[in-house]
Structures are given as C-alpha cells and as structure tokens.
Number of protein chains: 2
Amino acid sequence: MSTADRLIESTQDLLWERGYVGTSPKAIQQRAGAGQGSMYHHFSGKPDLALAAIRRSAEQLRATAEACLSGPGTAYDRVRAYLLREREVLRGCPIGRLTMDPDVIGDAALREPVEETLDWLRARLAGVVSEGVERGEFDAGLDPERIAASVVATVQGGYVLARAAGSPAPFDSAVQGLLDLLAARAPRPRRSAS
Amino acid sequence: MSTADRLIESTQDLLWERGYVGTSPKAIQQRAGAGQGSMYHHFSGKPDLALAAIRRSAEQLRATAEACLSGPGTAYDRVRAYLLREREVLRGCPIGRLTMDPDVIGDAALREPVEETLDWLRARLAGVVSEGVERGEFDAGLDPERIAASVVATVQGGYVLARAAGSPAPFDSAVQGLLDLLAARAPRPRRSAS
DNA sequence: GTCTATACAATGATAGAC
DNA sequence: GTCTATCATTGTATAGAC
C-alpha cells in the first residue's frame, strides 16, 4: 500500500475514534509510519487529508448498506437485514459521529460528504419501503420518508446509547423495538387466496 | 451569579457546542469573564470543571424530560409529548453528544453522569410504556424496554441527521415516523362497551 | 518522495503577588 | 478570590537538505 493510502487509512481510524478536533497530524503520521514531510507532500494539510479520509469512509458505508438493501427477500426483510447487520456497535458510525464535530460541520467541504451520505441512506431506505408498500409487503399507510428517517435515526441513536452504557445492549434493544413496530405493519404474504 | 457558576455555565455551553476535546480552559475563562487564577481557585482543572458542568446539564435534561413524561393524558400522549417537545434540534443533545468524546467515555468519572442520565431516561420511558400496556393504552405485545430504547435512540439519532442536513427536517421526519408506528399500537379508548 | 530543523500559537497548568 | 507571569508540551505547519 502506498504512503498516501496508509495516511488516509490512519486518518479514517483516528477520525472514527477521536473525531476531527481530537486528531492531530502527528498522531496520523505516527500511525501511518510516515514523517511530516511525507504527509505534507501528499496533502496540503489536515483538512485536505481529512476530506480524503471522510470520502473513503463514506464510500465504504454506502457499499455496506447497499449490500443489505439490495439483498433478497421482501422490503421488510431488507430493512431488517440492514438493521441487524454486524456492526462494531461501541465504535459508533464513522460518518455519523462527524456531525458532532464543529470543525467538520462548520466547513462546507468537510460536511458535504457527510450530508450526502446520510441523505443517500435515507433516500435508499425510503425507496425500499416505498417499493414494499406498492407490493403489499408493508401497510399502505406508511410514509416511506418518515420510516426511512426513523430507521437511520434508530441506528445512529443506538450507537449513542451503547457508548453511554459501555455495552451494545441498548443498541440491540432500540433496533428490536423498531423491528417489532415495523413487523406489525408488514403483512405476511397471503397464500389463502392462491 | 457567582464566578464559579459562570464558569460552570460557560463550560456547559462549550461542551455542548464543541465537546470536551474541543473546549479549552482559556475559552471557558473568556466566556465566563474570569481569569486563569479564578478558574484554578474554584476547580482543580479542566476535568473537574467539566464534571460539574456535565452534572448540571444532566439535571436539567432530567427535569425537562420528567415534565413531559409526568404530564396529563395516556401513555401514548406522554411519549408523544416527550418526542414533540420544543428542542434546539441543530444543537443536538448536551449529554448524548458527549458519548462521541473519547476523553469523556475513557474517564469513568466523566462518563458516569452521562451513562446514568441515559439509563434513567430509558427506564423512565419504559415505565410509562409499561403503565400504558397495563391500562390498555398500548397493545399488550409491546416490549416496554425496547420501545423506550427506540424512542431515545430516535431522538439522539434525529439530532445526527439534522446536523448532517443542516436542517431540523430529518429529525422531525424520524420522530413522526416513530409516532406513526406507535399510534398504530395505541388503541383509542373504547366507549362502545360502556 | 522522504527526512530533519525550525517556527510560532495554543493547551493546560503552576507560582506567587495583590 | 483574582491577577499576572511563567512553563513544558502539543498542534500545525514551512523550509530546505537528501
């Protein structure tokens, strides 16, 4: 792997763990095994490197979510797969956690991939729910945009609860609570009339 | 107001806005209009002052939530009042945001009030839901702990979505989505048999 | 491309005068 | 109680040699 790649990967890890404000160029260099000159040769500074790292994390998140949401089964099954997918719950979300970073939210360039990613995720989920409603896999009364926002919020908020508790348990409870509510609106396929 | 109080209040504001890592003693002193000597006279250092500030924010959050949850109406009404209460959505949660701060989560003393507050909130909500189930205000199948976790997670995650979007809209969507799902499990009081 | 040297502000605190 | 030094360390770079 190239030095630039190692720098980006180290930055991804540190942003995830400590946020933008808590991540120093020196820490990045040490984790990447690169010197200062090397870092400033490949990137103009901390914001530039952070942008590259955030973009890469965003791509990865998107790919992971897409794998769940384009999987097999009914709309409910796919939302369920997304909610129950394996996660390192106590680490939180590498993209969502950046929203609490004032220097990220305050900088249009850094915020853009964060906004874009979470917007995409909500829209993608809304599409799945909407499809489900059309197919009769979800009750007709459901508002896809609202349900999508609830699903993403439950995951993001679940991380908050888990980190506060020092345990993944509240995350799992929150997700199960939402799934319980959703299951009640997902009619089982009816074979009686066939 | 005493100097110590002004220091605590300034610290509350800065922790809310910038987190623990992003808040320096100097910034606190300037916002409080106090000198260094003054701060180090009243508090042993940054962690000590932060602890006082976090505890105060925790008390305030608890009081606000309790006001909604002990209000009038059915269990559904009270959960709804909590979810729809006025919030400065784009500022996020002064307690929840601290869970993303490695120096807070990594310090047992600083983490304790955060954990305790979110635990209390979930338990309090679970109590309301449980009461609702007993009274027939919620469907018997609901798991109060799960629903409580979903409610708190939706709020905490709603803040994340709102800050990413730069708008309270996704927060409102997430909350409405959850309320839609909950309303379907909250039978209207039946007068037919009376 | 990578390294070392240098710079200069901010951080988090201590000491001692008032 | 509050103020003004003072201090060691880290943060975030730039300059120039190799």
Side-chain angles (χ1 to χ4, degrees), chain A residues 1-56 97-98 100-111, chain B residues 1-56 97-98 100-111:
Chain A
M1 194 168 31
S2 75
T3 298
D5 275 330
R6 274 184 292 114
L7 283 164
I8 291 178
E9 208 167 89
S10 300
T11 305
Q12 287 184 275
D13 288 349
L14 284 165
L15 286 180
W16 194 352
E17 198 177 311
R18 307 199 35 88
Y20 184 86
V21 175
T23 297
S24 70
K26 185 193 274 192
I28 294 170
Q29 293 150 24
Q30 285 175 344
R31 185 175 292 221
Q36 303 214 47
S38 195
M39 176 185 138
Y40 285 102
H41 171 75
H42 292 287
F43 301 95
S44 72
K46 178 177 162 177
D48 185 34
L49 179 46
L51 182 55
I54 294 173
R55 285 194 172 136
R56 187 171 294 185
R97 74 107 56 232
L98 298 172
M100 296 305 149
D101 227 306
D103 291 2
V104 170
I105 290 305
D107 178 325
L110 293 179
R111 184 180 127 187
Chain B
M1 195 167 29
S2 75
T3 299
D5 275 330
R6 273 183 293 116
L7 283 164
I8 291 177
E9 207 167 90
S10 300
T11 305
Q12 287 184 275
D13 288 349
L14 284 165
L15 287 181
W16 195 353
E17 198 177 310
R18 306 198 37 86
Y20 183 85
V21 176
T23 296
S24 71
K26 184 193 272 194
I28 294 170
Q29 293 150 24
Q30 284 175 344
R31 185 176 293 222
Q36 304 213 48
S38 195
M39 177 185 137
Y40 284 103
H41 171 77
H42 292 289
F43 302 94
S44 71
K46 180 176 162 176
D48 186 34
L49 179 46
L51 182 56
I54 294 172
R55 285 194 173 137
R56 189 172 294 186
R97 73 106 60 228
L98 298 172
M100 295 304 149
D101 227 307
D103 291 3
V104 170
I105 290 305
D107 178 325
L110 293 178
R111 185 180 126 188

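All values below were derived from every heavy atom in this structure, side-chain atoms included, with hydrogens, water molecules and symmetry-related copies excluded.
On the nucleic acid side, DNA chain D has its first and last nucleotide under 4.0 Å of a heavy atom of chain A at D:dG11 to D:dT14, going 5' to 3'.
Listed by chain and residue number, nothing satisfies the salt bridge (Lys or Arg N to Asp or Glu O under 4.0 Å) test with B:Arg55 (two or more places apart in sequence, or in another chain).
Closest non-hydrogen pair, B:Leu15 versus B:Ala53, comes out as CD1-CB, 4.1 Å. Minimum heavy-atom separation, A:Leu51 to A:Ala109: CD1-O, 3.5 Å. For the pair B:Ala52 and B:Phe43, the tightest heavy-atom approach, listed with the atom from each and the gap, is CB-CE2, 4.1 Å.
Applying the side-chain hydrogen bond (donor to acceptor under 3.5 Å, both in side chains) test to residues at least two apart or on different chains, the pairs with a partner in residues 2-13 of chain B are B:Ser2-B:Asp5, B:Thr3-B:Arg6, B:Asp5-B:Arg56, B:Gln12-B:Ser57, B:Gln12-B:Gln60. Listed by first and then second residue, the salt bridge (Lys or Arg N to Asp or Glu O under 4.0 Å) pairs that reach into residues 33-42 of chain B come to none, sequence neighbours excluded.
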Less than 3.5 Å apart, which donor and acceptor atoms pair up between the side chains of residues 17-29 of chain A and the rest of the protein, not counting sequence neighbours?
from    : atom 1 : to      : atom 2 : distance (Å)
A:Arg18 : NE     : A:Gly22 : O      : 2.9
A:Thr23 : OG1    : A:Leu14 : O      : 3.2
A:Thr23 : OG1    : A:Gly19 : O      : 2.6
A:Ser24 : OG     : A:Ala27 : N      : 3.2
A:Gln29 : NE2    : A:Pro25 : O      : 3.3

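Here the side chains of A:Leu110 and A:Asp103 are not in contact, with every heavy-atom distance at 4.5 Å or above.
Across all strands shown, A:Gly35 has heavy atoms under 4.0 Å from sugar-phosphate atoms exclusively, and none from any base.
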message = I need a per-nucleotide contact map over nucleotides 7-13 of chain C, read 5' to 3'. Cutoff is protein heavy atoms under 4.0 Å; write B for the base, S for backbone only, - otherwise.
response = ----SSB
